[in-house]
Amino acid sequence: MPELPEVETTRRGIEPHVVGKTITSIVVRNSRLRWRVSTKLKRELPGRTIHTVTRRGKYLLLATATGTLILHLGMSGSLRVVDGTQPPDKYDHVDIVFNSGDCLRLHDPRRFGAVLWVRDNPLQHKLLKHLGPEPLSADFHGDYLFEKLRGRRRAIRDALLDGRLLAGVGNIYANEALFAAGIRPARRAEKITRIQYGRLALAIRDTLNRAIQAGGTTLRDFRGSDGQPGYFHLSLSVYGHEGEPCPVCRTPIRAKRLGQRTAFFCPKCQM
DNA sequence: AGAGGTACCTGGCAGC
DNA sequence: TGCTGCCAGGTACCTC
């Protein structure tokens, strides 16, 4: 589910409800997420106050004075702020309960998500340390892509999914941005010109920004922190639209297996 | 170093 | 209706 826009939508949704709140307890109903949820959380988090809620790539960082809670939503995770008395459902694996009576509830059917507690600088944690630039930041631009991908033979779609190149872009937005830039997903990175990379960087930024504005993309089960789905799926041009007409030229959209995941493109608009 | 495959897990859906 | 197989928004880790 969640790529950068969905995580950012979640961040904005929970921020006003958790900043300044003090944690009273942690409830772990199923500790078997991507990594086992540490029992340290129950000891160390009560009494801590959340100072900030930030995002790095697809990771959410809830900072306290003594450490940071790192949350990842995996493929199917979502976070909601609910009244602590509300009964959990089958996939509500972790609650972070606050002194206000509210709790931050992690729902994750596939359990690819993560909840980690780190005392040191979270940006130096091994999961975050090697992440590439934020696509919405000033240090991400076409020249960066051109320099980093010079001589690389891999498909551009695969390169865009690599968090070490660029943080937070997943399969949906990689495909959508490539469509907007007129570049085929299977195109070898080394064949793309500096000019085209300039267009691609702008397309990535624009696609992500528009998705955030729409509250993210809901394909199956994504819900924002208010329980509402995102609406960007209504704006998807190619992703999930195999056989349907290209919104620009009406040529049927094609789907192609690239590596382990499906790429979508317009054979006429994308070269 | 880079590329490719596997693994983690469940729900939904197409096809029979 | 029910079973089987395949697919899915992520990414660490392994082998070649």
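Lettering follows sequence order; numbering is per chain, from 1. Being a predicted model, the structure only gives us computed values, none of them experimental.
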Within 6.0 angstrom of R257(A) CZ, more than 12 heavy atoms from elsewhere:
yes

Between Q260(A) and R154(A), which has a closest nucleotide on DNA chain B that is more 5'?
R154(A)

Please compare Y59(A) and R110(A) by the position of their nearest nucleotide in DNA chain C and report the one closer to 5'.
R110(A)

Looking at R194(A) and D143(A), does any basic side-chain N land under 4.0 Å from a carboxylate oxygen?
yes

Rounded distance in Å - CZ (R153(A)) to C1' (dA1(B)):
14 Å

Please report, rounded to the nearest Å, how far the C1' atom of dT11(C) is from the CG atom of L131(A).
11 Å

Between E8(A) and R11(A) (salt bridge meaning N to carboxylate O under 4.0 Å), is one present in this structure?
yes

State whether the distance check finds a donor on one side and an acceptor on the other, under 3.5 Å, for side chain R34(A) versus base dT11(C).
yes

M75(A) CE to dC9(B) C1', straight-line distance once rounded to whole Å
10 Å

Side chain of R111(A): nearest nucleotide among dG9(C), dT11(C), dT10(B)?
dT10(B)

Less than 5.5 Å between centroids and less than 30° between ring planes, does F112(A) satisfy that with dT11(C)?
no

Does dA1(B) have its OP1 or OP2 closer than 4.0 Å to a side-chain nitrogen or oxygen of R152(A)?
no

What is the separation between atom CG on D162(A) and atom P on dA12(C), rounded to the nearest whole Å?
10 Å

Considering every strand shown, what is the Watson-Crick or G-U wobble mate of dC13(B) when both distances are under 3.5 Å?
dG5(C)

Provide, to the nearest angstrom, the distance between the CD atom belonging to E3(A) and the P atom belonging to dA8(C).
13 Å

Categorize L161(A) for me: base, sugar-phosphate, or nothing, with a 4.0 angstrom heavy-atom threshold over every strand shown.
nothing

May I have the distance from E6(A) (atom CD) to dG10(C) (atom C1'), rounded to whole angstrom?
12 Å

If you look at every strand shown and take non-hydrogen atoms under 4.0 Å, does R257(A) touch a base, only sugar-phosphate, or nothing?
sugar-phosphate

Are any of R261(A)'s side-chain N or O atoms less than 4.0 Å away from OP1 or OP2 of dG10(C)?
yes

So does T262(A) get a side-chain nitrogen or oxygen closer than 4.0 Å to the phosphate oxygens (OP1/OP2) of dA8(C)?
yes

Under a 4.0 Å threshold between the charged nitrogen and the carboxylate oxygen, would K58(A) count as salt-bridged to E3(A)?
no

Under a 4.0 Å N-O cut-off, is there an ion pair linking R154(A) with E190(A)?
no

Quote, to the nearest angstrom, the P distance that separates dC6(C) from dT6(B).
14 Å

Find the distance R36(A):CZ to dC8(B):C1' and express it as a whole number of Å.
13 Å

Using only atom types and a distance under 3.5 Å, with no angle test, would you say the side chain of R205(A) pairs donor to acceptor with the backbone of F140(A)?
yes

From CG of L33(A) over to P of dC9(B), roughly how many Å is that when rounded to an integer?
11 Å

Any side-chain N or O of H72(A) less than 4.0 Å from the OP1 or OP2 oxygen of dT11(C)?
yes

